[in-house]
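A short write-up of the structure that comes next.
Note that these values count all heavy atoms, side chains included, but never hydrogens, waters or copies made by symmetry.
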Amino acid sequence: MTVGPYSGPLNLCVLGDFQVARDGALLDLPPSRKTRALLAYLAVTGKPHQRERLCEIFWDIPDDPRGALRWSLSKIRQVLGEDECALVADRNSVSLKVATDYARLLPLLKGDLSLASTEELEAVAGSIRGDFLADLSLERCFEYEAWRAGLASEVEIAELGILRELVGRLAGEPRRALPLARRLRRLLPEDIGLAEEIEALEEKVRAAAVHPTPRSPQPGVAQAQPPSPSLGKSPTATQDPGRAVHFCRARDGTRLAFAKTGSGPPILRAAHWMSHLTFDWDSPIWRHWMSELSRENQLVRYDERCNGLSQRHVVDVSFDTMVSDLECVVEAAELDRFTLLGLSQSCAVSIAYAIRHPEKVSGMILYGGYVKGWRARGDAGEIATREAVATLMRESWGKPNPMFRQAFCSMFIPGATHEHFAWMDDLMLRTVSPDDAWRLQSAFSVIDVSELLEKVRVPTLVLHAREDNVAPVESGRTMAAGIPGARFFELESQNHILLEGEPAFDEFIGHVRAFVAETAGS
């Protein structure tokens, strides 16, 4: 990849294939992929690591981890050459301080892109040439691989945001905007609105070639500019927006990703964890949900903070913030009145929103929800089980460990096949990092909306799988009993996430369509 003009004599490129350069010249790297991965890991994290911890991350116990680490560090010193003082290694810890193209991108991951200059955004976009550390995947180093995959997702989100910002800014300079729009199209091939934007830019470029714009406008004559479609806006109502992804800001500045599919009376699915707006279309875990809910309605979805294409590693994951995020998505999606669909923990978020904004909610559907989180319910046995799962979650999230994958997946989908197990493992790795998963589960555990139920004033339908292991069916009954006028139906299933083809899912969709038809015009 192209090496940018970074400060400092030594520069590491990690946004794509891994390269190291000094004064613009590429350096030879050790042939050992693990040594190169260690070099990248130390450079990107930029903080001290305990030697024992590095041994756990990169080497198996039967080997000689300490000896292997010493050997790799000696090879890294050879690469550093005159900059070897950047590597600080004592008996207990190791740290490396060098410039990386990731460090150049980092301020934009959490900052407001609109405040950055166009030249800065173009320079950073030019440094992203493929997936993060694309050539340094280590299949057996599961914790490293989870770290790499998590940052790769962050980089992808940042790249999408930067390209959208640039194409919007450069609409009046079609030659400059067109290659950026085409690159964005490669990342979002299903985005029909983006395809139309590219066609408009191409037409402008062709028109400019036939009728070049004069260099200097005539004094006193206003130059007319043809309107350019805004990339940040949704396509017109007569178009199917397909898999287009849009971004908005939460009140604390967190970047939230949302999408619209289908047409008809709108259904807004309040965010739940482990979702990914684009990947979910390929996953047998969620694709049938989107397909059926979009068939006769416009379905609006968004990825919860710390999940999917929304911003990762956000400090605030409180319940009130999740309600606020829902409010921001409603505003960004320009929804006047809609059916609110809550799933699992987002049922509680939906209840709080419906109380605050009853004029917006024509009806509310709650599936698999709970009034109190697992810690707030106070069941000692359940708390012990959940805490054990939480420990495994933090240590083993995203690892291809059959025992953890099967235990976790079986908890959510007892009826899962081997294919579902594999997809759930991939879903875990792609959607949320181990630390964020643990933090979100801790936040969900203390949810308690028992005092809010009687305040709900919108038509409500409560659905629950009879043998749900994640949220006991009694939670659904309690929820329905506490909401004035709510209707309750049990579905014959063990699955917290209903699978395609099972009768309970078809029954769920039937109830949803009948309820929307009844309430959407009310």
Between Thr417 and His420, do the side chains contain a donor N or O and an acceptor N or O under 3.5 Å apart?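 Yes, Thr417 and His420 have a side-chain donor paired with an acceptor closer than 3.5 Å.
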
Regarding Ser318 and Asp320, is there a side-chain donor-to-acceptor distance under 3.5 Å anywhere?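 Ser318 vs Asp320: no donor-acceptor pair found between side chains.
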
For residues 348-358, which side-chain N or O atoms pair as donor and acceptor with protein atoms under 3.5 Å away, sequence neighbours left out?
unit_1	atom_1	unit_2	atom_2	d
Ser350	OG	Ser346	O	2.7
Arg356	NH1	Glu327	OE2	3.3
His357	NE2	Glu327	OE2	2.7

Please tabulate, for side-chain N and O atoms in residues 367-375, each donor-acceptor pair with protein atoms closer than 3.5 Å (sequence neighbours left out).
unit_1	atom_1	unit_2	atom_2	d
Tyr367	OH	Asn495	O	3.1
Tyr367	OH	His496	O	3.1
Arg375	NH1	Glu387	OE2	2.9

Step through the shown structure and confirm whether more than 12 heavy atoms of other residues, nucleotides or ligands are within 6.0 Å of CD on Glu454.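 No, the 6.0 Å shell around CD holds no more than 12 heavy atoms from other groups.
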
Should [X] and [Y] count as an ion pair when the cut-off is N to O under 4.0 Å?
{"X": "Glu145", "Y": "Arg140", "value": "no"}
{"X": "Glu518", "Y": "Arg487", "value": "yes"}
{"X": "Glu154", "Y": "Arg312", "value": "no"}

When you look at Arg439 and Val314, which way does the side-chain contact (heavy atoms from CB on, under 4.5 Å) test go after all the steps? CA-CA 10 Å; Arg439 290 170 60 235; Val314 179; 5.7 Å; no

What's the verdict on ring pair (Phe, Tyr, Trp, His ring centres under 6.0 Å) for Phe279 and Trp286, showing C-alpha distance, side-chain angles and the deciding distance? CA-CA 9 Å; Phe279 177 69; Trp286 289 117; over 10 Å; no

Passes side-chain contact (heavy atoms from CB on, under 4.5 Å), Leu38 versus Leu69? Steps please. CA-CA 9 Å; Leu38 174 64; Leu69 177 59; 3.7 Å; yes

Would you give the length of the straight line joining atom OG of Ser493 to atom CD of Glu507, rounded to the nearest 0.5 angstrom?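 These two atoms lie 10.0 Å from each other.
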
How long is the gap from OH on Tyr144 to NZ on Lys34, to the nearest 0.5 Å?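 Taking OH in Tyr144 and NZ in Lys34, the distance rounds to 11.0 Å.
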
Evaluate the criterion side-chain contact (heavy atoms from CB on, under 4.5 Å) for residue pair Thr431 and Trp273; output intermediate values, then yes/no. CA-CA 8 Å; Thr431 55; Trp273 75 313; over 6 Å; no

Close side-chain approach of Tyr102 to Val155, heavy-atom, < 4.5 Å: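 Sidechains of Val155 and Tyr102: in contact.
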
